[in-house]
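Just so we're on the same page: letters track the sequence lines, and every chain starts at 1.
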2 protein chains.
Amino acid sequence: MTANETSTAPRMTGDQRREQILAVARHVFAEGGYAASTDDIARAAGVSQPYVVRLFGSKRELYAETYRRAADEIVETLRSVAPGPDVKDRMGDAYLRLIADPDMRLLTMQGFMSSDADIQAMARHTLGEAFRLHEQKVGSGPEDARNFVAHGMLINALLGTDAPARAAGDPGLEALVECAIPASQRQDAR
Amino acid sequence: MTANETSTAPRMTGDQRREQILAVARHVFAEGGYAASTDDIARAAGVSQPYVVRLFGSKRELYAETYRRAADEIVETLRSVAPGPDVKDRMGDAYLRLIADPDMRLLTMQGFMSSDADIQAMARHTLGEAFRLHEQKVGSGPEDARNFVAHGMLINALLGTDAPARAAGDPGLEALVECAIPASQRQDAR
DNA sequence: GTCTATAGACAGATAGAC
DNA sequence: GTCTATCTGTCTATAGAC
């Protein structure tokens, strides 16, 4: 170190702060959607609200970057599933593990309802990649790949409505949860 | 009529106004989500913002009532599919016809991401009913019924991201759209 | 790199008149 | 049945200091 100027030193480098705020934003946006405030994010990150806006230019850009990272993580995770025996099961498991994180699930779902063209583009591309990777790795044909993606969407919807924890007393829902969600995934997620 | 008191007469009865505002709210909430303002709804209905709030008690109650009607319409439509030959196809068609209305599709999707317990409850019950009605009417077993609901969710997601109109150039997405969405439904919806 | 102060817009809800 | 006026809160973004 060159000198220890006790009070002039910033607490973090810009990059560190960016990463920290993106991590916090992922959680806050996941729970509150785009309607979540930059102030909530700032408080959770321990910085001032104007600083959050300054670092990313605007709330919209922060949200887009947050979403992009989540979408990339999904595609990368599916891409990194090794070929070989049981690929089909391992592909399903990989998705279940991603979605076991409620923030990931909620953020993903938001893409399918966004009115922002950039978010929509990322969301639909992720769907297409999931389909393509299933066809490529599993090779059981387009219908099977489509069912893979569709089943993923159904699980998102069921978890989003807290169905596994609250199906009791609703016969249709009980039966649906039982045949759509593996027992290991059936505890509350919200 | 008893008398024509030219300026004292209200423009509509309370019930008529309620229905009109609910119709308008369906569209405004569909496009803007819960974040849409009561003022937007009021303007679109040609009344004042405070009056909208007064008629329904609060924005939240207006939203809940709007959602309830959409959810009821889905269940009623599926329930009214006549048994007989080709029930399976007619059940799928009934859902496609519902979802061909972008407002219906958007509103439905919002239920799967709501943080409001009442909305969540309606949304998951709708999923369960769709499953149950498929089993009851089509009778091709739980896996087939699950695939029916799952496929519905996939179509919601694809339409939500404008995939049919924008898949060009994205090979995975093109293939997915082709095998998930009937040609008749493939034009832009947003 | 980070803050305070604050502008400027907009929201939902209440009070009370007609 | 419906409005106007308005309170109170909240939000993003900018300006400028340190």
Side-chain angles (χ1 to χ4, degrees), chain A residues 1-25 28-29 31-67 110 114-116 118-119, chain B residues 1-25 28-29 31-67 110 114-116 118-119:
Chain A
M1 291 184 184
T2 53
N4 197 340
E5 302 149 71
T6 25
S7 76
T8 320
R11 316 230 176 100
M12 289 189 188
T13 68
D15 268 7
Q16 284 176 322
R17 203 49 112 176
R18 266 185 79 91
E19 293 303 317
Q20 186 222 354
I21 290 177
L22 279 166
V24 165
V28 175
F29 278 138
E31 295 208 322
Y34 186 73
S37 74
T38 55
D39 197 52
D40 285 343
I41 295 167
R43 255 196 304 268
V47 298
S48 70
Q49 177 270 330
Y51 187 44
V52 169
V53 172
R54 167 164 299 206
L55 262 185
F56 292 89
S58 70
K59 176 186 178 177
R60 187 185 164 277
E61 288 175 79
L62 170 57
Y63 184 84
E65 178 64 19
T66 304
Y67 187 86
Q110 286 167 27
S114 177
S115 49
D116 183 300
D118 293 341
I119 304 292
Chain B
M1 292 184 185
T2 52
N4 198 339
E5 303 151 70
T6 24
S7 75
T8 320
R11 317 229 175 102
M12 289 188 186
T13 68
D15 266 8
Q16 283 175 323
R17 204 47 113 177
R18 266 184 79 90
E19 293 304 317
Q20 185 221 356
I21 290 177
L22 279 166
V24 165
V28 175
F29 278 139
E31 295 208 321
Y34 186 73
S37 73
T38 54
D39 196 53
D40 285 344
I41 295 166
R43 256 196 305 267
V47 298
S48 69
Q49 178 269 329
Y51 187 43
V52 169
V53 172
R54 167 164 300 206
L55 262 185
F56 293 88
S58 69
K59 176 186 178 178
R60 185 185 165 278
E61 288 175 78
L62 170 56
Y63 184 84
E65 178 63 20
T66 304
Y67 187 86
Q110 287 167 27
S114 177
S115 48
D116 183 299
D118 293 340
I119 304 292

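Within 4.0 Å of B:Ala42, counting heavy atoms only, lies no atom of the nucleic acid at all. Contacts of B:Ala45 with the nucleic acid, taken as non-hydrogen atoms under 4.0 Å apart, are absent. Contact annotation for A:Ser48: base contact, defined as any heavy-atom pair under 4.0 Å involving a base atom.
Taking 4.5 Å as the limit, every side-chain heavy atom of B:Asp116 sits out of range of all side-chain heavy atoms of B:Tyr34. You'll find the side chain of B:Leu62 reaches within 4.5 Å of the side chain of B:Phe29, heavy atoms only. Within the 4.5 Å cutoff, no side-chain heavy atoms of B:Asp118 are placed close to those of B:Tyr67.
A distance-only check finds no donor-acceptor pair linking the side chain of B:Glu65 to the backbone of B:Leu22 [under 3.5 Å].
Residues from residues 49-61 of chain A lying near DNA chain D, meaning a heavy-atom separation below 4.0 Å, are A:Gln49, A:Pro50, A:Val53, A:Arg54, A:Ser58, A:Lys59 in numerical order.
The two residues B:Arg17 and B:Tyr51 make their nearest non-hydrogen contact at CG-CE2, 3.9 Å. B:Ala64 approaches B:Ile119 most closely through the heavy-atom pair CA-CD1, 3.8 Å. Between A:Ile21 and A:Val52, the closest heavy-atom pair is CD1-CG2, 4.1 Å.
The outermost nucleotides of DNA chain D lying under 4.0 Å from heavy atoms of chain A, listed 5' to 3', are D:dC11 to D:dG16.
Look at B:Asp15 and B:Arg18 and you find no salt bridge, because none of the NZ, NE, NH1 or NH2 atoms lies under 4.0 Å from a carboxylate O.
Both B:Gly46 and A:Ala35 lie near DNA chain D, and the one whose nearest nucleotide falls closer to the 5' end is B:Gly46.
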